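Here's the structure, in structure tokens; my notes come after.
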Amino acid sequence: MTVTSRFAFLAAVSSLACLVQPALADTVPTDELAARFGALEAVASMSLSPDGRHIAYVAPNGGGGEVVFVADMVAGGTPKAVLTSNASGTKLVDCSWPTDTRLICTIVLSTRSAGDVMTASRQLTLNADGSDMKVLTRQTNSRSLRPALFGGSVIDWNGTKPGTVLMLRDYVPESDLNTHLASSLSGLGVEEVDVVSLQRHPVEQPRKDATDFFTDGHGKIRIVGTSPRTGYGYQSGVVSYSYRLKGDGGWHDLGKIDYSDGGHVRGFEPVAVDSAQDVVYGFDDAGGRKALYRIRLDGSLTRELVLSRPDVDVDELITIGRNRRVVGTSYATDRRLVEYFDPALRSLAGALSQALPTKPQISILDASADESRLLMFAGRDSDAGTFYLFDKATSKLEEVLSLRPQLAPVKLAEMKAVSFPAADGTMIPAYLTLPVGSNGRNLPAIVMPHGGPASRDEWGFDWLVQFFAARGYAVLQPNYRGSAGYGNDWYKENGFKSWRTAIGDIDDAGRWLEAQGIAGKGKLAIFGWSYGGYAALQSGVLDPGLFKAIVAVAPVTDLNKLRADRLYWSDYGIVDKMIGTGDHVKAGSPSENAAAITVPVRLYHGTFDSNVDIGQSRLMADRLKAAGRDVSLVEFPGLSHSLVNAAARTQLLSESDALFRKALGL
């Protein structure tokens with residue numbers, strides 16, 4: 001197998017990233033380094049046409065927003081920009097290929113309404129050269145009784161004829177005032193849509209309680225999920241699933257899941273139907289950890305355990321191509337590992353590992369219709385990664401595009417799996433990243449708790465970690481109790497009801513760094529995003545002064561306010577149960593205990609954050625100021641939870657580093 005590079009794609013996206021230099025000096029200015037790490041990824045998403053000839057990818061636009069490029073992978077040449085979005089509150093998310101010559105692209109629109117951030121999605125369809133663009137999402141009209149926020153995702157790329165797809169549709173009832181033409185249909189349904197003519201016809205009539213539909217990848221609906229609402233319109237947190245026998249129009253009970261407490265998902269959760277085996281793959285509990293099962297859809301409901309682990313959750317199903325063929329599963333121990341069911345792919349994975357020995361994280365992103373050409377991505381902890389195209393017939397692996405070209409001259413640090421003891425003796429898994437060339441002793445150090453809390457850190461490239469390592473910090477990422485991926489006992493009662501355990505583990509991470517001599521005495525800081533930001537602030541309440549400075553990005557700061565923020569949203573009941581009631585709510589709210597925090601605090605938040613309302617940071621800033629504490633809040637107008645903006649991220653990195661250096665006496 002050979003690795004080649006035919007296309008000079010970097011020239012096409014040079015305006016999207018800093019021009020690289022031959023080498024970076026050790027004394028590179030902080031602002032330049034922050035700009036390199038704060039720059040957005042050169043590719044947000046990438047897909048391969050059914051014939052394997054073209055790719056489409058979404059990239060950041062030099063002037064803001066996003067641009068869609070299409071490249072000919074056979075003829076070569078400069079990729080062509082076919083669609084651009086730079087309007088405030090509008091984001092191009094991804095593009096895929098319903099045919100060899102046409103694209104479907106998703107846009108997300110955000111705005112503030114009555115104090116809340118509202119988001120809506122729409123699907124566009126256009127030719128691969130950018131012509132004949134149309135709105136694919138079924139539009140509402142002046143009689144519609146509510147807006148349709150959901151744009152309708154494609155659930156099957158194979159309709160009854162070429163050029164048609166199956167799409168979810170949010171049916172909106174209409175007022176019948178002064179008309180006999182109003183539609184009373186309401187709920188989620190499925191339509192077959194022609195991506196050129198926009199002709200459509202219903203495949204599944206809408207159901208008010210429907211949550212999702214699953215196809216077999218060949219145009220047949222096999223599973224539906226339904227969930228009743230409470231009298232106030234809130235989600236129940238229980239989804240019942242029904243399935244169809246092959247060639248049968250009726251529905252039969254499959255099972256249900258229960259996530260009503262906002263924490264564990266209980267029951268069999270279907271993910272994908274395998275038409276050839278006539279089974280559905282999904283996840284369910286096995287000995288307190290998530291495992292992969294398959295259930296026969298032939299009427300017998302015969303259930304088979306496919307894979308479980310005694311140490312971690314099996315939590316990802318791998319599918320390939322436009323038929324979404326199930327080919328494997330994966331799980332994360334110290335590193336994420338993949339087990340392929342398909343013998344040919346298992347053999348290919350081994351060959352690719354030999355061809356790319358320095359990039360062990362290899363994933364298949366897309367495939368041509370016949371699976372003869374595969375779009376792939378490979379990277380590692382010290383390499384942000386590269387896109388490749390593999391041709392099975394020639395065994396040729398072609399380099400397509402680097403994900404972060406601006407980091408090419410920067411030597412990145414290695415991430416090492418470690419564990420440390422919590423106060424009660426429990427060993428907490430974590431990842432430690434030391435500066436390149438460091439002896440790992442007497443360093444300034446940062447504890448960086450992950451968000452979620454229903455998440456976990458994994459081995460691999462992390463732009464935040466790598467920036468701070470490049471600035472000379474040791475960075476420790478603890479998978480504290482409350483993290484996902486390690487089973488029900490580890491997850492506890494999520495990160496809010498059991499916050500004392502989670503924050504205790506995070507604080508113990510800092511103590512371990514000092515005890516090991518990795519962190520110099522008095523040289524600890526903490527940085528967190530989302531729940532990680534909450535944890536960073538709450539660590540200053542639980543153990544004042546352990547960390548000498550706190551940076552919290554988009555943090556939850558008040559649990560009762562978090563509950564109130566969801567009052568008029570359908571998930572209010574679930575959030576209410578997730579937070580719970582009792583003394584832990586006030587004690588676990590940093591804003592209620594702001595006076596306990598004795599160190600400098602910096603808050604960063606986007607004004608269009610629909611995950612955590614910016615009011616959380618504003619409240620925290622006000623309470624800290626009232627207590628006479630050193631605090632500042634930076635608001636980023638129009639940005640969402642992830643702050644997907646190079647200037648904002650650069651400012652965040654530069655200012656956080658300056659705060660830490662001052663607080664730690666560097």
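From a predicted model like this one, the values you see are computed outputs, not experimental measurements. Position 1 is the first residue of the sequence; numbering continues from there. Both backbone and side-chain heavy atoms feed into the values below; hydrogens, waters and symmetry mates do not.
In this structure, the ring of Phe527 has its center less than 6.0 angstrom from the ring center of Phe468.
Each of Asp72, Asp100, Asp391 was checked for a salt bridge (Lys or Arg N to Asp or Glu O under 4.0 Å) with Arg53, and the lone residue meeting it is Asp72. With Arg336 as the partner, the salt bridge (Lys or Arg N to Asp or Glu O under 4.0 Å) test is satisfied by one option alone out of Asp457, Asp315, Asp313: Asp315.
Atom-to-atom distance recorded for Met376:CE and Ser363:OG is 7.5 Å, nearest 0.5 angstrom. The CZ atom of Arg335 lies 9.0 Å from the OH atom of Tyr431; values are rounded to the nearest 0.5 Å. Expressed to the nearest 0.5 Å, how far CG of Leu476 lies from CD1 of Ile446 amounts to 11.0 Å. Atoms OH and CG, from Tyr388 and Leu352 in turn, are 10.5 Å apart once rounded to the nearest 0.5 Å. Going from atom CG of Asp366 over to atom CZ of Phe377 covers 15.0 Å, rounded to the nearest 0.5 Å. Atom OG of Ser275 is separated from atom CZ of Arg324 by 14.5 Å, given to the nearest 0.5 angstrom.
Within the 4.5 Å cutoff, the side chain of Arg325 has heavy atoms near those of the Asp342 side chain. Counting heavy atoms from C-beta on, the side chains of Leu653 and Arg471 never come closer than 4.5 Å. Using a 4.5 Å cut-off on side-chain heavy atoms (C-beta onward), Val68 and Tyr57 make no contact. Side-chain atoms of Asn611 and Ser530, non-hydrogen and from C-beta on, never get closer than 4.5 Å to each other. Looking at Tyr604 and Leu639, their side chains never come closer than 4.5 Å, going by heavy atoms from C-beta outward. Contact check for Val70 versus Leu103: side-chain heavy atoms found under the 4.5 Å cut-off. Residues Ile364 and Leu345 meet the side-chain proximity criterion, which asks for heavy atoms closer than 4.5 Å. Residues Val418 and Trp512 form a side-chain contact, since some pair of their non-hydrogen atoms from C-beta on lies under 4.5 Å apart.
Side chain of Tyr293 to backbone of Asp285: a donor-acceptor contact under 3.5 angstrom is found. With hydrogens and angles ignored, the 3.5 Å screen pairs no side-chain donor or acceptor of Ser49 with any backbone N or O of Ile55. The backbone N or O of Ser45 lies less than 3.5 Å from no partner atom in the side chain of Asp94, so there is not a single donor-acceptor pair. Judged purely by atom type and a 3.5 angstrom limit, Arg481 has no side-chain atom pairing as donor or acceptor with the backbone of Thr501. Checking side-chain atoms of Lys392 against main-chain N and O of Glu371 turns up a donor-acceptor pair under 3.5 Å. Not a single donor-acceptor pair under 3.5 Å links the side chain of His450 to the backbone N or O of Ser483. In terms of modelled atom types and a separation under 3.5 Å, the side chain of Trp490 and the main chain of Tyr480 share a donor-acceptor contact. In this structure, Arg289 contributes its side chain and Pro310 its backbone to a donor-acceptor pair below 3.5 Å. A donor-acceptor pair under 3.5 Å is formed between the side chain of Gln466 and the backbone N or O of Asp381. The closest donor-acceptor contact from the side chain of Arg322 to the backbone of Trp157 lies under 3.5 Å.
When only modelled atom types and interatomic distance are considered, Tyr473 and Asp657 share a side-chain donor-acceptor pair under 3.5 Å. When only modelled atom types and interatomic distance are considered, Asp156 and Thr215 share a side-chain donor-acceptor pair under 3.5 Å.
The shortest non-hydrogen separation linking Thr650 to Asp31 is CG2-O, 4.4 Å. For the residue pair Ala422 and Asp505, the shortest heavy atom distance occurs at CB-OD1, 3.5 Å. Here the closest heavy-atom approach between residue Asn323 and residue Gly217 is recorded as OD1-O, 3.1 Å. When all heavy atoms of Ala417 and Asp334 are compared, the closest pair comes out as CB-CG, 3.7 Å. Nearest heavy-atom pair, Ala474 versus Leu443, reported as atom, atom and distance to 0.1 Å: CB-CD1, 4.0 Å. Of all heavy-atom pairs spanning Ala81 and Val67, the tightest one is CB-CG2, 3.7 Å.
Between Phe467 and Phe37, the two ring planes are perpendicular [angle over 60°; tilted spans 30° to 60°].
Other residues, nucleotides and ligands contribute over 12 non-hydrogen atoms within 6.0 Å of the CG atom of Asn439.
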request  = Test Leu403 against Phe387 for side-chain contact (heavy atoms from CB on, under 4.5 Å), laying out the working first.
outcome  = CA-CA 7 Å; Leu403 188 62; Phe387 293 90; 3.7 Å; yes
message = Apply side-chain contact (heavy atoms from CB on, under 4.5 Å) to residues Gln361 and Trp459 and explain how you reach the verdict.
response = CA-CA 9 Å; Gln361 286 183 317; Trp459 183 87; 3.7 Å; yes
ask   = Would Leu83 and Glu66 count as a side-chain contact (heavy atoms from CB on, under 4.5 Å) if you check the C-alpha gap in whole Å, the side-chain angles of each, and the deciding distance to 0.1 Å?
value = CA-CA 8 Å; Leu83 184 62; Glu66 299 80 33; over 6 Å; no
key: Intermediate values then yes/no, side-chain contact (heavy atoms from CB on, under 4.5 Å), Phe283 and Ile257   = CA-CA 10 Å; Phe283 298 102; Ile257 61 170; over 6 Å; no
